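What follows is a short report on a single structure.
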Amino acid sequence: MAPMGIRLSPLGIVVFCLLGLGVIYHLYSGVISNRIAAFKQGDIVDLRDLLAISVEAAVLGGKEVKRIRDDNELEERSKGKTKEGANEKLTLGDLNSHRKMFNLIKNTFPYLQVNSEEHDDEGVQETSVWNRVIPNDIRAVVTSSKEVPAGSVTVWIDPLDATQEYTENLRQYVTTMVCVAVNGDPVIGVIHKPFTGYTAWAMVGSGSNVAARDSYNEKALQVIVSRSHAGKVKEFVAAALGNDTVVIPAGGAGYKVLSLLNPSDEKDDKADIYIHTTFIKKWDICAGNAILKALGGHMTTLKGEEIDYRGSPANSGGLLASINTDHEALVEKLSSPDKEKGR
Ligand SMILES: Nc1ncnc2c1ncn2[C@@H]1O[C@H](COP(=O)(O)O)[C@@H](OP(=O)(O)O)[C@H]1O
Ligand SMILES: [Mg+2]
Ligand SMILES: [Mg+2]
Ligand SMILES: [Mg+2]
């Protein structure tokens, strides 16, 4: 007997509970099924997953890069000429690394926009899929998931950066790179050195496994620049920053960004800023941009404009990269009209 003289029949309780469950199901089934459908269709991706797969892709590609160099089976050919007339080389290292990196990401996240420097005319089937294991070092820094709409993501892959130097067996300059941009902003950057096994990664707003150096020499800057696509960068630097400025020519956009950070190898160059004056592509620079941004640094065009990592791969405004240095003051020095003549 229930209190206040109301008698509850067992059948009534069952019907009441079923009705209640029906209401709850009606209210939430749409939400739950939409969520499941969203994951199935790939409407949502977790940036921590993308960081982990980016590291895996860079390492996987790097193994091909190293193996082909060690075996001396480069099968070097030309893709044509850059705007400035330099020979754009393609090797089996670039191509095989592309196949590994691109397919790992595409097989796992088929709905993502992935832009690689290379493409595969032969359509070699790579069936590898990411095992969805997030390494402990990433889990320790990026402690929770961070979901974004898949449609907002653009992935940029450079399967082998510093191909010119790779063909000259200047191994220290070679990297593989992956970058994830969200709405055009560089958010995840991975730069891997295949010949030492070192990998630098960072996620803006979450952390990194690499740090800035303790100090930078703002008074007497050491400027790292291209050795094989230099254009008139030396004249440009001298005109803007003074004839005494030390210029360090080096291969690879990935290598040059790493030279601004805590070195992984004492033999590597240490520079204060990185300047590039000729044309360059977004797969060359996006990963470095994301890492610098995550560490509080900057990578912009020479005029100080942010680079939008969507759409066309071209970046024609040159490049200025710095960390713990007054970036705006540098832009000011580089942008005055009389300095333009150096470009
Ligand atoms: N003027 C230019 N046009 C096209 N690509 C350029 C370029 N200058 C530099 N790059 C690319 O940017 C990367 C770094 O160049 P550098 O070593 O000269 O600084 C290289 O990438 P890849 O080796 O991936 O092709 C190179 O091809
Ligand atoms: Mg490159
Ligand atoms: Mg490349
Ligand atoms: Mg190339």
Side-chain angles (χ1 to χ4, degrees), residues 57-58 61-62 64-66 68-69 74-102 114-120 155-179 189-195 223-234 236-237 247-260 268-269 271 273-289 299 301-302 307 312-321 343:
E64 288 299 297
V65 169
K66 180 172 185 311
I68 288 161
R69 184 64 266 185
L74 269 57
E75 296 181 19
E76 183 182 326
R77 59 203 125 126
S78 174
K79 289 199 284 187
K81 296 239 187 273
T82 66
K83 284 187 173 187
E84 296 83 12
N87 189 8
E88 269 203 276
K89 287 182 179 172
L90 176 71
T91 69
L92 194 58
D94 298 81
L95 197 54
N96 275 8
S97 176
H98 158 80
R99 285 170 176 152
K100 294 283 181 197
M101 295 176 73
F102 181 83
V114 183
N115 299 335
S116 173
E117 179 185 354
E118 313 304 344
H119 62 275
D120 180 11
V155 180
W156 296 92
I157 294 180
D158 191 342
L160 196 170
D161 187 49
T163 302
Q164 175 59 44
E165 287 70 22
Y166 184 66
T167 64
E168 295 176 50
N169 209 7
L170 298 169
R171 299 174 177 216
Q172 70 275 25
Y173 296 131
V174 174
T175 63
T176 60
M177 295 193 277
V178 184
C179 179
V190 176
I191 304 179
H192 172 68
K193 296 182 83 178
F195 296 102
V223 186
I224 198 155
V225 303
S226 170
R227 68 181 278 283
S228 57
H229 303 83
K232 291 184 180 164
V233 69
K234 283 185 186 163
F236 177 75
V237 168
V247 171
I248 308 169
Y255 175 90
K256 287 194 271 290
V257 167
L258 294 180
S259 80
L260 306 180
D268 286 348
D269 290 301
I273 62 170
Y274 166 25
I275 290 180
H276 192 80
T277 58
T278 64
F279 194 73
I280 198 158
K281 306 276 181 67
K282 289 175 187 169
W283 40 70
D284 297 308
I285 57 178
C286 183
N289 195 338
M299 181 184 278
T301 66
L302 293 167
I307 297 157
S312 152
N315 176 63
S316 48
L319 214 61
L320 170 65
R343 284 196 69 196

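All values reported here derive from a predicted model rather than from experimental measurement. We count ligands from 1, going down the list as the structure has it; atoms in each ligand are counted the same way.
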Checklist entry - Roughly how far, to the nearest 0.5 Å, is the CZ atom of R171 from the NZ atom of K193? => result 13.0 Å

Item to check | Between CD on residue Q164 and CD on residue E88, distance to nearest 0.5 Å | outcome: 11.0 Å

Checklist outcome for this item: Checked the Mg ion (ligand 3): protein N, O or S atoms closer than 2.8 Å come out as E117 OE1, D158 OD1, L160 O

Item to check | K79 atom NZ, over 12 foreign heavy atoms within 6.0 Å | outcome: yes

Next on the checklist: By the definition side chain to side chain contact (heavy atoms under 4.5 Å, CB included), identify the one residue from C179, C286, S116 that meets it with I157.
Outcome noted: S116

Item to check | Result of checking L258, V257, V223 against Y274 for side chain to side chain contact (heavy atoms under 4.5 Å, CB included) | outcome: V257

Checklist entry - List by chain and number: which residues place a heavy atom under 4.0 Å from ligand 1? => result T82, E84, E117, D158, L160, D161, A162, T163, S226, S228, H229, G251, G252, A253, K256, H276, T278, F279, I280, D284

Checklist entry - Would you say K89 has more than 12 foreign heavy atoms packed within less than 6.0 Å of its NZ? => result yes

Checklist outcome for this item: Interatomic distance, CG@L90 vs OG1@T167, rounded to 0.5 Å, equals 11.5 Å

Next on the checklist: Is it true that H229 and T278 share a donor-acceptor pair across their side chains at a distance under 3.5 Å?
Outcome noted: no

Checklist entry - What is the distance from atom CG of L260 to atom OH of Y255, rounded to the nearest 0.5 Å? => result 11.0 Å

